[in-house]
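Scroll down for the structure; my scribbles are underneath it.
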Amino acid sequence: MKNYLQELNSEQQKAVLHIDGPLIVIAGAGSGKTRVITCRIANMLNNKISAYNILALTFTNKAAKEMRNRIDQITQPYKAASLWMGTFHSMFAKILRIESNRFNYPSNFTIYDTEDSKSLVKSIIKELELDKEIYKPNVVRNRISSLKNHFIKSKDYNQRPELTQTDKIAKRDDFGRIYQIYEKRCQKSSALDFDDLLLKTYELFEENPDILLKYQEKFKYILIDEYQDTNFVQYLIIKKLAALYENICVVGDDAQSIYSFRGANIQNILNFKTDYPDFKEYKLEQNYRSTANIVNAANSVIKNNEKQIYKEVWTKNENGEKIIIIKTNSDSEEGRLVANTIDEIKTKIQTDNSDFAILYRTNAQSRAIEESLRRKNINYKIYGGLSFYQRKEIKDLLAYFRLTVNINDEESLKRIINYPSRGIGTTTIQKLNLAANKYDVSIWETLSNIDKYEIKINKGTREKLSNFQILINNFINNSKTKDAYEVAEDITKSTGIYGLLNNDKSPEGITRFENIQELLNAIKNFTNSSGNNLNLLSDFIEDVALLTDQDQENEEDFNKVTLMTIHAAKGLEFKYVFVVGMEENLFPSILSNESQESLEEERRLFYVAITRAEKRLFLSYANTRFKWGQYIDTDPSRFLLEIDERFTEKKETEAKNHYKIFPKRKTTFQPKQKKINSRLKKINLSKLEVSGKQVFDLNVGTKVKHSIFGIGKVMKIDGENQNQKAIIFFNDHGQKQLLLKFAKLEIIK
DNA sequence: ACCTCAAACATTTTT
DNA sequence: TGTTTGAGGT
């Protein structure tokens, strides 16, 4: 266990070995930051500090999971088990559930995601009969969120003229009212939104010194990763938690601060030094990740920012190849070029798809890229955009689960009270809602006591409401004694959702049905996971809102090209990186033209993009881009001019002389089906292809070869057609159950 | 109450 | 361009 230290440079070692007292580590891109953090925690554990006393805050749940695994590898496995490691949001949600009785919420509170809070804002605006042109739900929601991130509640807001003034000028005089009602409705629904998870934690500590002391004593050691992206409320909470022992270690890089739109504040790094005057500071400046060309190019870009902490990132790595800057004529040509280049590299050098990443500024850009990858048969996976848990069919089902666990959850109730349709229409819901607001009770309460709240509803509808009530009550009763899977399966079937989706044989319908099954499988795994304990639905549903699709790793996602926004790529690295859409008004974004500050943030974002690359970096832009149904002329990004030319090589695509002839968009190569998300469409096509070819030839005893697991033998085949599964025993990987339509199996004679 | 279709609308980045 | 909304018919 001692030898892990030898692999570290002297500055890294210092950061690992310095355990007590305030410590700030400025870690340049690719400087082995994750390694330092994991070694540091491992070292603490090996030095008789109990994992129970450590709080480690990361930026994503995935990062936490990976670090935990690595720590397990360098200490004894059980040691890290009681370590509190995760995102601010998930760790604080955990505390809030434990201490719920102290802040007037039940422990089974619901977490509203962005969509939920937006929908709540929308209904409030509607109820107040405000003009939704002036009160745009998104704008209002963002403003509420931003106020919360600055620790300003509606009560405070109304007392601050400079804030109310801003909204008066924008003709949103009633904003304060909306905010106030929003708070009240969340409370009534026993729901917390993302920002509340932080806000309420702070309040909890502020108002209950005994609880604060409890956690100060528990978390004797606090470690925060990506410190440059913490916001004001997070800063306040940490300051409180660390006040007793001041064993706080923050790790970050001001040059990679890219979340100020979410309230992140680089100022926190500077505050650290005044808050803990006897701090120690280490700078990790040696880059181990990228070639010298890439490191130097990144440096030449970031030096254009005025606001930054001085540091010199350098590397011993070889120069490597130059960064390629490519000019193309259109976004579709850009896509084709990326796909071709990947193909080329793969034929020259032995590389996996997973060594490639394509990064972009906005999610919408993924489309053109997808199309070209698909045509070249290059497997890819899109992160972000519509994540699994945000799909309609999943959210519908989750709404039933959420309502079963927390009957006050208004957003869930509204979502499913008439899905699948059971004859309870908008007028009925409006009546219930009106009464609920009048008597200050939940909608569930009003629909359970129609007469008590003097609601005029005819006999037929009453019966429908009563049936709905019985249905949900059944779920609630079951959920107390049965495990999560049993309840979930019952809900899926007895609501009719299962039958409804199973009958829809359109491609998108099939995908939806599969997604539902995938969710049920996830719940099954969850119930099987922890021994003999009864795993309740409420346990499963707890933090689903906090999951992103990076958290769910699928076996099929192995060896695929990664497509994601630059924001999502933070902390990751790839051998080959393509940054597409290097155009003015796209990157930097048109919205960042207003201020120097936001332009500098865009530049940091570009810095992050460049420094993701290990071996090679390709930057591309298109002269015309298809947007909102028409072609728009674009200019190359100013950032391209900022890169020192010594490190770049410029290229153009061959079609440069095809003057003003725009490539035709082919929408013809696929039969035009109604409205199908092209992403869903793609997945389906590939599945059908594979299943049609291979499914029927498999028998028990057949020898097969799998792209990842190697050679194995079919032990058992289950299910029919689309859902056929095989249990296969692989020589090197043991027994696996595979869905045949996914598994790429080759039959060996 | 529900279904269908056409017009209007919309694009930063996310826990 | 894809998605959401609202009007109008059943």
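The sequence lines fix the lettering, A, B, ..., with proteins before strands; numbering per chain opens at 1. Model, not experiment: these values are computed from the prediction.
Residues satisfying the side chain to side chain contact (heavy atoms under 4.5 Å, CB included) criterion with A/T110, sequence neighbours excluded, are A/Y112, A/A191, A/R402, A/N406, A/D409. Here A/A622 pairs with A/T328, A/E583, A/R625 under the side chain to side chain contact (heavy atoms under 4.5 Å, CB included) rule; sequence neighbours left out. Scored by the side-chain hydrogen bond (donor to acceptor under 3.5 Å, both in side chains) test, A/S620 finds A/E334 as partners (sequence neighbours excluded). Listed by chain and number, the residues in a salt bridge (charged side-chain N to carboxylate O under 4.0 Å, His left out) with A/K392 are A/D396 (sequence neighbours excluded). Under the side chain to side chain contact (heavy atoms under 4.5 Å, CB included) criterion, A/T427 pairs with no residue at all, not counting sequence neighbours. The salt bridge (charged side-chain N to carboxylate O under 4.0 Å, His left out) search around A/K122 returns none, not counting sequence neighbours. Take A/K307 and apply the salt bridge (charged side-chain N to carboxylate O under 4.0 Å, His left out) test, not counting sequence neighbours, and it matches no residue. Listed by chain and number, the residues in a side-chain hydrogen bond (donor to acceptor under 3.5 Å, both in side chains) with A/D254 are A/K311 (sequence neighbours excluded).
Listed by residue number, the members of residues 250-269 of chain A with any heavy atom below 4.0 angstrom from DNA chain B are A/Y259, A/F261, A/R262.
A side-chain hydrogen bond (donor to acceptor under 3.5 Å, both in side chains) check over residues 255-269 of chain A, counting only residues at least two apart or in different chains, returns the pairs A/T230-A/N268, A/D253-A/Q256, A/Q256-A/R612, A/S260-A/E601.
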Kindly give the atom pairs (protein nitrogen or oxygen, nucleotide nitrogen or oxygen) under 3.5 Å for nucleotides 8-10 of chain B.
none

Strictly under 3.5 Å: I want the nitrogen or oxygen pairs between protein and nucleotides 1-4 of chain B, one per line.
| residue | atom | partner | partner atom | Å |
| --- | --- | --- | --- | --- |
| B/dA1 | OP1 | A/T427 | N | 3.4 |
| B/dA1 | OP1 | A/T427 | OG1 | 2.1 |
| B/dA1 | OP2 | A/G425 | N | 3.2 |
| B/dA1 | OP2 | A/T428 | OG1 | 3.0 |
| B/dC2 | OP1 | A/G423 | N | 3.4 |
| B/dC2 | OP2 | A/N418 | ND2 | 3.1 |

